[in-house]
Each structure stands twice: as structure tokens, then as C-alpha cells.
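Here's the structure, in C-alpha cells; my notes come after.
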Amino acid sequence: TEKIILDCDPGHDDALAILLAAGDPRCELLAVTTVAGNQTIDKVTRNARAVCTIAGVDVPVARGAAGPLVREAIVAPDYHGESGLDGPVLPTPTVGLDERRAAELIVETVLSHEPGTVTLVPTGPLTNIALALALEPRLAGLVKRVVLMGGSYTRGNRTPAAEFNILADPEAAEAVFAGSWPVTMVGLDLTHQALADDAFRGRVRALGTPLAAFVDELLEFFTAAYAARGFPAPAVHDLCAVAAALDPGVMTYRDAFVTVETAGRWTTGMTVTDFDGDLGRPLTTSVAVGLDRDRLWDMTVAAIAALGG
Ligand code: BDR
Ligand code: CA
């Protein structure tokens with residue numbers, strides 16, 4: 001099994017990421033940490049706890065950074081609503097909140113496991129991950145790898161050049177890509193292949209559980225948000241990062257050097273992706289390029305079924 005710490009900003013697709021991590025038999029979910037991103041830290045932390053509550057997920061949940069390392073926070077109500085998780089009625093969280101800050105919990109959790117066994121899966125801005133690395137530089141040699149949702153090698157979604165998670169904290173993202181740990185980038189080029197269409201929604205609904213109904217309500221709101229942008233169905237970005245961490249066969253990859261533009265006039269937050277070695281740097285980042293969509297939906301439906309609810 002894969003030991004995973006999920007660092008997220010729920011967020012509809014973050015919520016799905018939590019469910020896959022909690023319900024897939026190959027995953028040992030060690031902790032959920034939160035970061036300001038899609039909404040404020042208060043809202044996304046409440047949302048993470050609400051999702052854990054409805055899914056019966058009992059792992060430490062720790063609150064993280066309230067904003068980026070050096071910039072002003074940006075949020076994404078246009079995709080996720082004012083709550084960050086608009087659509088379903090959220091249960092009052094009954095799962096507790098860990099006393100540690102996210103970065104601290106990440107460091108302590110990694111240090112308390114065998115070196116090379118814990119995978120970090122960030123699905124929000126990379127603030128907590130950069131803070132954890134600054135707090136404990138040995139982390140880079142101790143985690144198995146970082147499988148992040150963020151960036152793209154073609155174009156952005158928040159600006160023409162930048163994807164939201166990277167744009168939200170480009171300095172943090174730059175530090176994470178520069179770290180001497182193996183990084184896998186699951187960016188928009190991959191996640192726009194993962195549109196949660198009616199066929200997938202139908203399979204979830206057919207499970208007939210309250211949790212399945214909750215997921216369907218999430219997807220209903222998310223579908224409308226993406227329809228407003230001309231998408232036939234919503235891209236469930238963050239789910240893909242968890243899938244990549246658990247299943248080596250669900251995606252194909254190409255090696256690249258990846259860094260982040262932090263001082264562009266129009267391109268701040270762009271993930272500059274060098275597949276050809278033009279920049280003379282080692283191609284140490286694994287970039288997801290192709291998705292086995294059926295395999296993604298199969299494992300997701302199975303995980304939601306396994307959680308019962
Ligand atoms: C990313 O931004 C957020 O809105 C989503 O949750 C995802 O992590 C996609 O650009
Ligand atoms: Ca997210």
C-alpha cells in the first residue's frame with residue numbers, strides 16, 4: 001500500500017480526492033492537511049472535516065497556511081462557490097482538528113515513518129509543502145515522492161499562462177519543484193482529460209448511498225460551474241493526483257525540467273516545462289500526459305462504494 005498525506009483546499013475535486021484516498025484499498029491515508037486556496041483557510045478546513053465526517057474517515061486533520069508565502073491570497077468562488085464546497089448541505093464536522101499546524105504535522109508524520117515510504121499529495125497551493133521543507137530540509141530525502149496537482153505545459157486556467165494552484169503561491173511552487181525529491185506534476189493537460197461526465201455520475205448515483213448522493217450533489221454544482229466556462233463536464237483535477245500516487249498504470253508520463261515563472265509580466269505562475277533539455281537542466285520531474293479514463297472512473301466508483309455511508 002501507499003502511505004499518503006493529502007494536502008488540500010476542498011474544493012469539489014479535492015473532496016473527491018479525499019474519498020479516493022480514503023476508500024482505495026491500495027492507500028493508507030495518514031493525514032489530511034488544509035491550505036488556503038479555493039476558499040479561506042477557515043472554510044476549506046471546515047469542508048475537509050465535513051467530507052471526512054460524511055465519509056467516516058478518521059485520520060488526523062490539520063489546518064495549514066492562511067495565505068501564500070509572500071503574496072496576497074486569491075480564492076476561486078467562481079468554480080467552488082462562497083463556501084468552497086457549494087451544492088450539498090454540509091454536515092457539522094464531528095471529526096476532530098489536530099492541534100498541530102499542517103507543515104508541522106507533515107514533518108512529524110514523515111519523520112515517524114520509514115524513509116522513502118510516505119508520498120505527499122498536494123492538491124492546493126503549495127504553501128504548506130514549501131513551509132514543511134523549510135522547517136525540515138531533510139524532508140526532501142525522506143519522502144518517497146511528491147505527486148502534485150498543479151500547472152500545465154500548454155496553458156493555464158486562471159490566466160492564459162497559469163494554473164490556479166501554482167498562481168496562488170508561485171514562490172512556494174518554485175521551491176517544491178526545485179526540491180531534491182522526486183516530483184510528479186499532474187497538470188491541466190492531464191486533468192482536462194478527466195471530465196466527470198453523465199456516465200460517471202450515473203455510476204456513482206447507482207451506488208444508492210447517502211455518500212453517493214453527496215458526491216452527485218457536488219458534481220451537479222461543479223458541472224454548472226464548468227458549463228459556464230464552456231466545458232461539457234467538470235474536470236476533477238485533484239482526484240487525478242491521488243490516482244497517480246496509487247496506480248502506476250493509470251497515466252503515462254514524460255520527463256522534464258519544470259520550474260515556475262515568478263516575475264513574468266503576463267506569465268507569473270506559469271510552469272515552464274522543458275521536455276527537450278533546452279535549458280540544460282536535468283529532466284527530473286515526471287509530467288503526466290495521458291490518462292486511462294476508464295481506470296480512473298473504476299477506481300473512484302469502487303472507493304466510494306467501499307466507504308459505504
Ligand atoms: C485546481 O484549482 C482548484 O480550483 C482545484 O481544486 C484544483 O486543485 C485546478 O486548477
Ligand atoms: Ca484543489
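Order of appearance sets the numbers: ligands from 1, and atoms from 1 within every ligand.
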Original post:
Where does His80 meet ligand 1, judged by heavy-atom distances below 4.0 Å: at the side chain, the backbone, both, or neither?
Top reply: side chain

**OP:** State yes or no: are the ring centers of Tyr153 and Phe275 separated by less than 6.0 Å?
**Re:** yes

Subject >> Per-atom contacts of ligand 1 with Asp238, taking only distances under 4.0 Å to non-hydrogen atoms >> reply: 5 (C), 6 (O), 7 (C), 8 (O)

Under 3.5 Å, which donor-acceptor pairs do the side chains of residues 277-289 form with other protein atoms, sequence neighbours left out?
none

**OP:** Quick one: closest heavy-atom pair of Val121 and Ala241, and the distance?
**Re:** CG1-CB, 3.9 Å

Subject >> Nearest non-hydrogen partners of Leu296 and Ala243, listed with the distance >> reply: CD1-CB, 3.5 Å

Original post:
Of all the atoms in ligand 1, which lie at a distance below 4.0 Å from a heavy atom belonging to Asn157?
Top reply: 9 (C), 10 (O)

**OP:** Classify the angle between the aromatic ring planes of Phe200 and Trp297 as parallel (below 30°), tilted (30 to 60°) or perpendicular (above 60°).
**Re:** parallel

Original post:
Less than 3.5 Å between some nitrogen or oxygen of Asn165 and one of ligand 1, yes or no?
Top reply: yes

Original post:
Counting heavy atoms not belonging to Arg26, are there more than 12 under 6.0 Å from its CZ?
Top reply: yes

**OP:** State if His12 counts as touching ligand 1 under the rule of any non-hydrogen atom under 4.0 Å.
**Re:** no

Original post:
Ala17 and Asp238: which non-hydrogen atoms are nearest, and at how many Å?
Top reply: CB-O, 3.7 Å

Original post:
Under 4.0 Å from any heavy atom of Met149, which atoms of ligand 1 are there?
Top reply: 1 (C), 7 (C), 8 (O), 9 (C)

**OP:** Classify the contact between Asp14 and ligand 1 as side chain, backbone, both or neither, using a heavy-atom distance cut-off of under 4.0 Å.
**Re:** side chain

**OP:** If you have a sec, work out which protein heavy atom is nearest atom 4 (O) of ligand 1 and how many Å separate them, to one decimal?
**Re:** Asn38 OD1, 2.6 Å

Original post:
Knowing that exactly one of Thr300, Asp298, Asp198 qualifies, which makes a side chain to side chain contact (heavy atoms under 4.5 Å, CB included) with Arg203?
Top reply: Asp298

**OP:** State whether the number of non-hydrogen atoms from other residues, nucleotides or ligands found under 6.0 Å of Asp58 atom CG is greater than 12.
**Re:** no

**OP:** Check whether the side chains of Thr127 and Asp169 place a donor and an acceptor atom closer than 3.5 Å, and report yes or no.
**Re:** yes

**OP:** Check the angle between the aromatic planes of His12 and Phe222 and answer parallel, tilted or perpendicular using the 30° and 60° thresholds.
**Re:** parallel

**OP:** Find all atoms of ligand 1 within a distance of less than 4.0 Å from any non-hydrogen atom belonging to Asp13, and give their numbers and elements.
**Re:** 5 (C), 6 (O), 7 (C), 8 (O)

Subject >> Residue and atom names of protein N/O/S atoms that fall under 3.0 Å from the Ca ion (ligand 2) >> reply: Asp9 OD1, Asp14 OD1, Asp14 OD2, Thr123 O, Asp238 OD2

Subject >> Close-contact set for ligand 1 against Glu163 heavy atoms, below 4.0 Å >> reply: 1 (C), 2 (O), 9 (C), 10 (O)

**OP:** Return yes or no for this condition: an N or O of Asp9 is under 3.5 Å from an N or O of ligand 1.
**Re:** no

